[in-house]
*Asks:* 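The structure under discussion is supplied below as structure tokens; questions concerning it will follow.
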Amino acid sequence: QVQLVESGGGLVPPGGSLRLSCAASGSIFRFAAMGWYRQAPGKQRELVASISTGGRTTYADSVKGRFIISRDNAKNTVYLQMNSLKPEDTAVYYCTDHSGSWGQGTQVTVSS
């Protein structure tokens, strides 16, 4: 099973930016579609963004135009650049390979 480790979360004021990283173990990373989910307190986990092996991206409507997902196959890493952050973006963010592997999550808090 692939191991995924997220980093880059933290506390940021509204309007700020953060970049999350997800490092994957194993040599099959380049063959896996990757995604970022988030879960806010009391809410279900939701898909934020996804990127295919070929680089095609999809986004939740709530983050379109603000978040960018990308991947670096040479580094086995997927990124989530988050701009113009809002308080409602506060959640634990998880990365997944869409095949059952999940990271431990990283907390993002948007607050003044």
*Asks:* With a 3.5 Å distance limit and no angle check, can you tell me whether Ser84 reaches the backbone of Gly15 through a side-chain donor-acceptor pair?
*Replies:*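 No.
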*Asks:* Of Lys86, Met82, Arg38, which meets side-chain contact (heavy atoms from CB on, under 4.5 Å) against Val63?
*Replies:* Arg38
*Asks:* Locate the shortest heavy-atom distance separating Ala91 from Ala40; write the atom from each residue and the value.
*Replies:* CB-N, 3.8 Å
*Asks:* For the residue pair Leu11 and Gln107, establish whether any side-chain heavy-atom pair is separated by less than 4.5 Å.
*Replies:* no
*Asks:* Just wondering, are more than 12 heavy atoms of other shown residues or ligands nearer than 6.0 Å to CD in Gln104?
*Replies:* yes
*Asks:* Could you check whether Phe67 and Trp36 have their ring centres less than 6.0 Å apart?
*Replies:*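 For Trp36 and Phe67, the ring centres are not under 6.0 Å apart.
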*Asks:* Nearest 0.5 Å, please: how far is CZ in Arg71 from OG in Ser52?
*Replies:* 7.5 Å
*Asks:* With rounding to the nearest 0.5 Å, note down the distance linking CD in Gln44 to OH in Tyr37.
*Replies:*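 Between Gln44 CD and Tyr37 OH, I get 11.5 Å after rounding to 0.5 Å.
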*Asks:* Rounded to the nearest 0.5 Å, what separation is found between the OH atom of Tyr59 and the CG atom of Leu47?
*Replies:*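 Here the interatomic distance stands at 11.0 Å.
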*Asks:* Identify the two heavy atoms, one from Pro14 and one from Ser112, that lie closest to each other, and give their separation to 0.1 Å.
*Replies:*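 Minimum heavy-atom contact is CD-N, 3.7 Å.
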*Asks:* Check for a donor-acceptor pair, side chain of Glu6 on one end and backbone N or O of Leu20 on the other, with a separation under 3.5 Å.
*Replies:*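 Judged by distance alone, no pair lies under 3.5 Å.
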*Asks:* Starting at OG1 of Thr77, measure out to CE of Met34 and round the result to the nearest 0.5 Å.
*Replies:* 9.0 Å
*Asks:* Side-chain contact test, heavy atoms from C-beta onward, threshold under 4.5 Å: evaluate it for Ser70 versus Gln81 and give yes or no.
*Replies:* no
*Asks:* Of all the heavy-atom pairs spanning Gly103 and Tyr94, show the shortest one and how long it is.
*Replies:*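 That would be O-CD2, 3.6 Å.
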*Asks:* Say whether Val108 and Tyr79 are linked into one hydrophobic cluster, either directly or through other cluster members, by side-chain heavy-atom distances under 4.5 angstrom.
*Replies:* no
*Asks:* What about Val12 and Leu80, same hydrophobic cluster or not, with Ile/Leu/Val/Met/Phe/Trp/Tyr joined at side-chain heavy-atom distances under 4.5 Å?
*Replies:* yes
*Asks:* Could you see if Val2 belongs to whatever hydrophobic cluster contains Val78? Use Ile, Leu, Val, Met, Phe, Trp, Tyr and a side-chain cutoff under 4.5 Å.
*Replies:* yes
*Asks:* Rounded to the nearest 0.5 Å, what's the gap from CG on Leu4 to SG on Cys22? Could you check?
*Replies:* 4.5 Å
*Asks:* For the backbone of Thr90 and the side chain of Thr109, can you confirm whether one donor and one acceptor N or O come within less than 3.5 Å of each other?
*Replies:* no
*Asks:* Return the minimal non-hydrogen interatomic distance between Asn83 and Ser17, and the atom names on each side.
*Replies:*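 What the structure gives for the nearest pair is OD1-OG, 3.0 Å.
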*Asks:* Hey, what do you get for CD1 (Ile68) to OG1 (Thr57), rounding to the nearest 0.5 Å?
*Replies:*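 Nearest 0.5 Å value for the CD1-OG1 distance: 9.0 Å.
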*Asks:* For Thr58 and Ile51, indicate whether the former's side chain and the latter's backbone hold a donor-acceptor pair under 3.5 Å.
*Replies:* no
